J.: 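To start, I am sharing the structure in question, which I have written as structure tokens.
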Amino acid sequence: MTLQINITPNGRMSLPADVRKRLGLIGGGAVYLDETEDGVVLRTANQAVARAQALAKQYTGSNPEASVDAFLNRRREDSGE
């Protein structure tokens with residue numbers, strides 16, 4: 001879906017209400033902007049987290065030693081906690 005969104009003279013843009021509703025941004029919320037070679041991508045916080053998790057999984061696979069919990073356990077052991 002492609003939408004035209006106008007930018008005001010002071011640089012503000014508004015997402016249409018139906019888009020905000022579909023994305024779960026009804027009560028406000030943050031969106032993250034990625035500038036790419038092809039243009040601009042806006043993501044909700046949930047979409048940004050899911051993307052980060054997918055990238056992490058791409059590099060760590062299913063290695064249990066690469067998890068955050070495993071890292072924190074190693075740090076606790078190292079510190080003597």
Side-chain angles (χ1 to χ4, degrees):
M1 165 179 33
T2 301
L3 299 172
Q4 178 177 324
I5 297 175
N6 296 318
I7 301 173
T8 65
N10 67 357
R12 294 179 186 253
M13 309 185 277
S14 293
L15 291 175
D18 59 324
V19 173
R20 292 193 314 270
K21 185 176 180 179
R22 274 196 310 277
L23 296 175
L25 298 171
I26 296 168
V31 292
Y32 297 89
L33 183 142
D34 286 324
E35 187 176 347
T36 70
E37 263 184 38
D38 294 327
V40 173
V41 176
L42 293 177
R43 290 187 177 89
T44 65
N46 287 341
Q47 291 167 332
V49 167
R51 185 174 193 283
Q53 289 172 332
L55 286 170
K57 189 172 185 174
Q58 177 182 344
Y59 291 102
T60 61
S62 58
N63 179 0
E65 290 301 310
S67 72
V68 172
D69 289 333
F71 171 79
L72 292 174
N73 286 335
R74 284 193 304 277
R75 299 304 304 153
R76 285 186 195 102
E77 290 170 5
D78 291 346
S79 69
E81 281 187 38

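This chain uses plain numbering: 1 for the first residue, then up along the sequence. Owing to the predicted nature of the structure, the values given are computational and were not obtained by experimental measurement.
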J.: Would a single hydrophobic cluster contain both V31 and V41, if residues Ile, Leu, Val, Met, Phe, Trp and Tyr are joined by side-chain heavy-atom contacts under 4.5 Å?
T.: no

J.: Following the transitive rule for hydrophobic clusters with a side-chain heavy-atom cut-off under 4.5 Å over Ile, Leu, Val, Met, Phe, Trp and Tyr, establish whether I26 and L15 coincide in one cluster.
T.: no

J.: Minimum heavy-atom separation for S14 to I5, with atom names?
T.: O-CG2, 3.3 Å

J.: Check whether the side chains of N46 and T44 place a donor and an acceptor atom closer than 3.5 Å, and report yes or no.
T.: no

J.: Quick check: is Y32 connected to V40 through a chain of hydrophobic side chains (ILVMFWY, heavy atoms under 4.5 Å apart)?
T.: no

J.: Quick check for you: to the nearest 0.5 Å, what is the distance between L25 atom CG and L42 atom CG?
T.: 10.0 Å

J.: Check for me, please, whether L33 and L23 land in the same ILVMFWY cluster - side-chain distances under 4.5 Å, paths through other members count.
T.: yes

J.: Is the CD atom of Q58 crowded by more than 12 outside heavy atoms at less than 6.0 Å?
T.: yes

J.: Could you measure the distance from the CD1 atom of I7 to the CZ atom of R12? Nearest 0.5 Å is fine.
T.: 13.0 Å

J.: Can T8 and N10 be said to form a side-chain hydrogen bond (donor to acceptor under 3.5 Å, both in side chains), step by step?
T.: CA-CA 5 Å; T8 65; N10 67 357; 2.4 Å; yes

J.: Only one of R75, R76, R74 clears salt bridge (charged side-chain N to carboxylate O under 4.0 Å, His left out) with D78; which?
T.: R75

